[in-house]
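Every chain is numbered from 1 and lettered A, B, ... according to where its sequence line falls, protein lines coming before strand lines.
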Amino acid sequence: MNALNIQDLNVNIEGKPILKNFSLTVPKGEVHALMGPNGTGKSTLAKALAGHEAYEITGGKALLDGADLVGLEPDEIARAGLFMAFQYPSEIPGVSIANFIRAAIQARLPEGENLQATAYYKELYDKMDALAIDRKFTSRAVNEGFSGGEKKRCEILQMMMLKPAYAILDETDSGLDIDALKIVSQGVNAMRGPDMGTLIITHYQRLLNYIQPDKVHVMWDGRIVRSGGKELALELEEKGYDWVKEELAAATA
Amino acid sequence: MQEKPSIDIDRSKGDFHYETDYAYDAGLGLSEKTVNYIADVKEEDDWIRDFRLKALRIFQEKPLPTHWASEDLLSINFDKIRYYLSKGQQPSRTWEEVPDDIKKTFERLGIPEQERKFLAGVEAQFDSEAAYSRMKDNLAKDGVIFVGSTEGLMKHPEIFRKFFGKVIPTGDNKFSALNSAVFSGGSFIYIPPGVKVKQPLQAYFRINAENFGQFERTLIIADEGAEVTYMEGCTAPKFETTTLHSAVVELVALKGAKIQYITVQNWSNNVFNLVTKRGLAEEEAEIRWIDCNIGSRLTMKYPGVILKGRKARGEVLSIALAGDGQHQDTGAKMIHAADETSSNIIAKSISLGTGRSSYRGLVHIPKHLKNCKNNTECDALLINSNSRTDTYPAIDVRGERNSVQHEASVSKVSAEQIFYMQQRGLSEAEAMSLSVNGFINDLVREFPMEYSVELKRLIELEMEGSVG
């Protein structure tokens with residue numbers, strides 16, 4: 001099946017269960033939004049799927065087009081086709097954006113094959129233009145001294161250059177002003193199509209004004225408690241997360 | 001990150017050894033007999049023999065500097081070292097004439113190829129003596145001299161003697177005295193007034209033998225307005241026993257001259273590398289040391305510039321990589337001795353595994369001078385949590401008309417940074433290597449292109465196996 005298919009995933013941090021039998025399927029070609037209050041495990045999901053060593057997967061599967069990602073190294077997961085846009089991207093002093101993305105693309109090429117520099121720079125410039133990133137940034141060190149908005153645009157630039165099969169955007173909208181939000185959304189929308197599945201993790205509904213999700217999921221205490229169409233996000237915006245909490249309490253009472 | 005040390009670092013390029021027969025061997029240990037043997041073999045004049053014998057006495061009298069330096073110096077057994085080894089070859093002017101076993105070594109190290117590609121002249125030293133020495137014909141027409149130190153002594157005593165031992169006196173330290181007693185090989189370079197040598201001159205120092213000490217002596221004089229870039233490379237095979245490399249390098253830049261001295265050292269882990277390097281810059285002259293230290297068991301090296309003339313400039317750019325079990329004790333000395341002199345020191349070190357890097361800096365600006373400037377930056381990068389770095393700056397700046405700036409930083413490659421890079425598809429080793437290259441990037445740019453490529457490759461090799 002061509003999907004990112006997460007089945008009964010259990011994840012601990014320092015022995016404490018955070019994800020509890022979490023299941024979710026994002027078919028290729030669709031955009032899903034994962035919403036929920038802080039501390040319900042949204043970012044844990046992203047980091048655990050990406051293979052971060054501090055996130056211990058104690059059970060379940062995460063299938064990328066049928067192949068299990070659990071137990072792979074973070075770089076193997078990335079090369080298998082999963083991209084994660086970080087909520088807090090790291091700085092890499094002395095390594096320029098152009099060289100970093102180039103190294104990342106090179107890492108995906110078969111042994112002995114080299115990236116074509118001219119074509120690479122043409123593509124890079126085109127995508128930077130689309131994201132309104134000044135060309136000066138090609139030689140700037142990755143994320144060093146960037147504003148919040150610049151970091152997020154740089155994440156989207158990397159996503160556009162690496163063309164992953166699946167992307168998880170972890171709170172990409174946090175810290176963005178409205179202009180940056182629009183630009184980032186345009187980038188995501190431009191990549192939307194049959195070749196990519198996207199999971200947008202967000203706390204707020206406002207990003208979904210610019211990126212229309214096919215499905216919306218609400219997360220609570222380590223699992224999905226509600227799924228629906230884009231109208232679910234609006235409902236959440238209106239009623240707040242307490243509404244989900246109360247409904248949940250009523251259901252389990 | 002897991003604290004797995006980098007075991008068995010692949011420094012494969014230099015780690016090989018062809019059997020060689022030596023016609024001249026001073027034997028094990030150091031005495032007047034050894035010194036006389038060397039002077040006899042080289043058929044030296046009495047003044048130089050006396051110079052050697054006097055240096056031997058100073059070496060014997062001086063204690064090892066373990067009150068400030070590493071106690072590992074105590075493990076050098078000076079009686080178990082051979083101080084002179086050669087096949088008795090004269091330096092050949094063509095590679096064809098170089099003895100086969102030696103030629104094979106240099107071909108494997110890629111020296112003839114580099115010469116064809118981008119060098120104005122090459123000298124290749126094998127143990128105690130040069131095996132090959134040649135520079136482009138047009139330089140000879142301009143009056144440039146580029147020969148081994150022995151040949152320089154014999155053929156150009158009028159220039160050699162005037163400057164020899166003047167920048168670094170024999171008694172400067174125990175190892176400069178040792179070198180002065182048993183020196184052999186190294187380069188003698190003279191650039192006449194106004195001659196600007198565009199391509200670099202290169203020397204390659206190869207230690208081939210076990211239990212051996214290499215003591216080259218280099219003297220470079222750039223006459224008024226002359227310019228030259230000199231590069232040295234060095235390797236040795238990996239032996240179980242220790243090998244000693246103790247060079248003395250003196251630079252003299254006369255009025256308005258420029259000397260750039262570039263080192264890419266890649267010693268095997270058994271080499272004690274104890275080197276004294278200093279330059280003298282006259283009025284408006286400029287001396288730059290670009291120093292990259294990879295490998296060795298212990299390196300102690302603090303290139304310096306004596307800024308003797310008004311408006312002289314001195315610079316040390318230094319990169320040190322201390323792998324597991326290694327200690328890179330490096331730094332710089334800037335001695336300001338005239339008005340309006342300026343100096344700049346940028347030192348970056350990387351410590352891997354149990355590797356230790358130390359920075360020792362000395363900046364001296366006396367009170368009576370005016371408008372002198374120094375800028376010092378030293379940055380250390382620690383890879384593992386058992387890696388170590390120390391900084392020992394000594395800044396003695398007096399008077400109110402001088403300025404000095406000192407910045408130091410210690411950073412660690414964070415696990416989050418590596419995770420971020422891995423998430424983009426780079427392996428952990430690639431991520432680490434890219435981070436390290438990023439750390440030294442601004443300094444690597446100062447190296448000629450051919451060397452910066454080599455440098456990046458060496459660093460990648462060093463990083464392999466250091467993570468994981």
Side-chain angles (χ1 to χ4, degrees), chain A residues 46-55 69 72-109 115 139-144 151 154-155 157-159 161-165 167-168 170, chain B residues 1-4 317 319 321 346-350 377 379-383 385 407 409-447 452-453 455-457 459-460 463-464 467-468:
Chain A
K47 293 261 179 78
L49 288 178
H52 194 295
E53 62 179 0
Y55 297 75
L69 301 176
L72 299 183
E73 291 296 317
D75 54 304
E76 294 171 327
I77 294 170
R79 293 195 301 271
L82 185 75
F83 179 90
M84 173 183 156
F86 283 60
Q87 185 176 4
Y88 304 108
S90 291
E91 295 182 359
I92 315 174
V95 179
S96 69
I97 290 184
N99 280 343
F100 182 53
I101 298 178
R102 191 176 172 156
I105 294 175
Q106 184 68 47
R108 286 163 169 77
L109 296 178
L115 183 123
S139 56
R140 283 192 55 183
V142 179
N143 294 322
E144 202 178 37
K151 282 185 183 170
C154 179
E155 292 294 284
L157 174 66
Q158 293 175 51
M159 180 177 81
M161 292 299 290
L162 295 174
K163 302 176 195 72
I168 301 174
D170 188 10
Chain B
M1 209 144 302
Q2 217 176 308
E3 297 310 315
K4 196 171 83 179
L317 305 177
I319 298 173
L321 196 152
I346 303 178
K348 297 207 177 201
S349 70
I350 302 140
E377 289 171 41
D379 300 316
L381 184 70
L382 302 174
I383 302 296
S385 57
E407 283 175 43
S409 77
V410 178
S411 50
K412 198 168 185 302
V413 177
S414 73
E416 288 310 309
Q417 183 183 328
I418 295 299
F419 174 68
Y420 181 75
M421 297 171 88
Q422 282 190 275
Q423 213 301 305
R424 298 304 181 246
L426 303 174
S427 69
E428 191 177 0
E430 284 167 342
M432 194 58 92
S433 160
L434 195 60
S435 298
V436 168
N437 273 311
F439 173 72
I440 55 168
N441 197 16
D442 48 343
L443 285 190
V444 172
R445 271 188 225 137
E446 299 293 329
F447 285 73
S452 65
V453 170
L455 197 58
K456 285 189 172 175
R457 201 189 60 83
I459 287 166
E460 274 158 28
M463 300 305 299
E464 277 178 16
V467 293

TODO: Begin with the C-alpha distance, continue with both residues' side-chain angles, and end with the deciding distance and a verdict on salt bridge (Lys or Arg N to Asp or Glu O under 4.0 Å) for Asp170(A) and Lys47(A).
DONE: CA-CA 9 Å; Asp170(A) 188 10; Lys47(A) 293 261 179 78; 5.7 Å; no
Task: Tyr420(B) and Phe86(A) aromatic ring geometry - parallel, tilted or perpendicular at 30°/60° bounds - done: perpendicular
TODO: With a 4.5 Å cut-off on heavy-atom pairs, point out which of Ala104(A), Ala50(A), Pro74(A) contacts chain B the most.
DONE: Pro74(A)
- [ ] Check each atom of Glu430(B) against the heavy atoms of chain A and say whether the ones under 4.5 Å are side chain, backbone, both or neither.
- [x] side chain
Task: Pairs flagged by salt bridge (charged side-chain N to carboxylate O under 4.0 Å, His left out) wherever residues 79-92 of chain A is involved - sequence neighbours left out - done: Asp75(A)-Arg79(A)
Open item on the list: Looking at Gln158(A) and Arg424(B), would you say the former's side chain and the latter's main chain have a donor-acceptor pair under 3.5 Å?
Closed with: no
Task: chain B contact via Ile77(A) - side chain, backbone, both or neither, heavy atoms under 4.5 Å - done: neither
TODO: Counting only heavy atoms closer than 4.5 Å, note whether Pro89(A) contacts chain B via side chain, backbone, both or neither.
DONE: both
